[in-house]
2 protein chains.
Amino acid sequence: MARHSRKIEILDAASRIVSQQGIFNLTLEAVAKEAGISKGGLLYHFKTKEALVSGMVKHLTDNYREKIEAHVEADPEEIGRWTRAFLNVTFNHVYPNKDWNAGLLAAKAVNPALLKPLHDAYKDWQHKIENDGLDPTDATLIRLSTDGIWLSELFDVYQIEEEKKEQVYKRLSEWLHALQKKEVPFSE
Amino acid sequence: MARHSRKIEILDAASRIVSQQGIFNLTLEAVAKEAGISKGGLLYHFKTKEALVSGMVKHLTDNYREKIEAHVEADPEEIGRWTRAFLNVTFNHVYPNKDWNAGLLAAKAVNPALLKPLHDAYKDWQHKIENDGLDPTDATLIRLSTDGIWLSELFDVYQIEEEKKEQVYKRLSEWLHALQKKEVPFSE
DNA sequence: GCGTATCCACCGTCCGGGTAGTATAGTAAT
DNA sequence: ATTACTATACTACCCGGACGGTGGATACGC
């Protein structure tokens, strides 16, 4: 058995607890139980609670990064690559997966500085999106709408019907397609 | 002295603690101290911690509602009223005020069901925005971008320069203005 | 116009329960 | 011998909530 995958099992268990039972139930004992491990075993892998939460953020950031990079590489069209990757990955992978939110909430509660890996990823993407061969402000707006869907669902303020959700996604994709036509020269 | 304003002072104190020190420091004692009151006095006004957080959500929802309604009433142009109000109020009042976030985070942590007043407000606004005399999908996109700005800043994943922020706002306003021209018949 | 009863807004303390983290002793596989 | 744990016990602390006050304002009876 890949022994080091145990760490990821623990991270997943922690995420499940946060998304199903909330931050205040993220106790070391609860995580140990959910992961099918003893408290001592948990502390062997993560020396403090903060280290555990830090691991959650790193884990989700790595996954997010991987998915976006894979999408960019598989995209035959150069213009709008990053914006398209961000839209599609966020909408289809991140957004429906409640556990992504758990890391955010846990970090924000325990110590916001732990969000740094995610900040760095976003700084990177924002830069890529602004230099994606599209009008940078329009590309940024597509990014923001996408985040808006994700994050407003996190607080259950989305309040948009399932059917409209698809329409929004379609409209965003079409808009992105149209933006390709009025190409903006790459600035780098 | 308006004695019942004391409740609002307590709510503000609680918000300050959450936004400056995080959820885990939102203890009754800390709130009491920040509000310049004793713990017993605090419990007189809010019988449980949950009641306190519930008060935070209600307070911010009421403020949000008032501001949006005032904006709608002051708007001479009928088409796009609600979308414009949502954009302007969120961008200029809610978004720069960190304390608005505190209520969200506190409720999500303590008991997500406490967010109901805010859900109801959003449900209302979303309905108004979809029937604002504009193309409903485009209007929804404007709403989502606006939320995206607000909420991504909450997790510090905004990562967009100050200057670009204004550009985004301007682009959104222009877009809204352009949408007015290709009017869509009111559906109600 | 004076005593008194009630109520309001608030104070200070105490207690039971829970939690992070430490310690320690042991096990099984490599 | 080291790694990767299990199991249990213990400490030191903290927090929510209950409870029993208290001074001052207001209302009521006579």
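Atoms considered below: every heavy atom in the structure, side chains included; atoms not considered: hydrogens, waters and symmetry mates. A note on names: the letters A, B, ... follow the listed sequences, proteins ahead of strands, and every chain is numbered from 1.
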Report task. Check each of B:Leu151, B:Leu141, B:Leu144, B:Ile160 against A:Leu144 using the side chain to side chain contact (heavy atoms under 4.5 Å, CB included) test, and report the only one that passes. Result ->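 The option that passes is B:Ile160.
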Provide the closest heavy-atom pair for [X] versus [Y] in the form atom of the first, atom of the second, distance.
X: A:Leu26; Y: A:Ala106; result: CD2-CB, 4.5 Å
X: B:Ala85; Y: B:Ile68; result: CB-O, 3.9 Å
X: A:Trp100; Y: A:Leu60; result: CZ3-O, 2.8 Å

Is [X] near enough to [N] that one of its side-chain N or O atoms lies under 4.0 angstrom from OP1 or OP2?
X: A:Arg6; N: D:dA4; value: no
X: A:His45; N: D:dC5; value: yes
X: A:Tyr44; N: D:dA4; value: yes

Query raised in the report: Starting at the 5' end of DNA chain C and moving along, which residue's nearest nucleotide shows up first, A:Glu29 or A:Gly40?
Result: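 So the residue in question is A:Glu29.
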Query - First encountered from the 5' end of DNA chain C, between A:Phe24 and A:Lys47 - result: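 Taking each residue's closest nucleotide, the earlier one in sequence belongs to A:Phe24.
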Measure from [atom1] on [X] to [atom2] on [N] and round the result to the nearest Å.
X: A:Leu43; N: C:dT19; atom1: CG; atom2: C1'; answer: 12 Å
X: B:Leu28; N: C:dC15; atom1: CG; atom2: P; answer: 19 Å
X: B:Asn25; N: D:dG16; atom1: CG; atom2: P; answer: 11 Å
X: B:Leu52; N: D:dC15; atom1: CG; atom2: P; answer: 15 Å
X: A:Lys49; N: D:dC13; atom1: NZ; atom2: C1'; answer: 14 Å
X: B:Glu9; N: C:dA9; atom1: CD; atom2: P; answer: 14 Å
X: A:Lys33; N: D:dA7; atom1: NZ; atom2: C1'; answer: 16 Å
X: A:Leu42; N: C:dT19; atom1: CG; atom2: P; answer: 14 Å

Classify [X] by what it touches in the nucleic acid, base, sugar-phosphate, or nothing, heavy-atom distance under 4.0 Å.
X: A:Lys39; answer: base
X: A:Ile37; answer: sugar-phosphate
X: A:Leu26; answer: sugar-phosphate
X: A:Ser38; answer: base

Query raised in the report: Is the Lys NZ or Arg CZ of A:Lys128 less than 6.0 Å from the centre of A:Phe86's six-membered ring, within 45° of the axis?
Result: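 No - A:Lys128 does not lie over the ring of A:Phe86 by the 6.0 Å and 45° rule.
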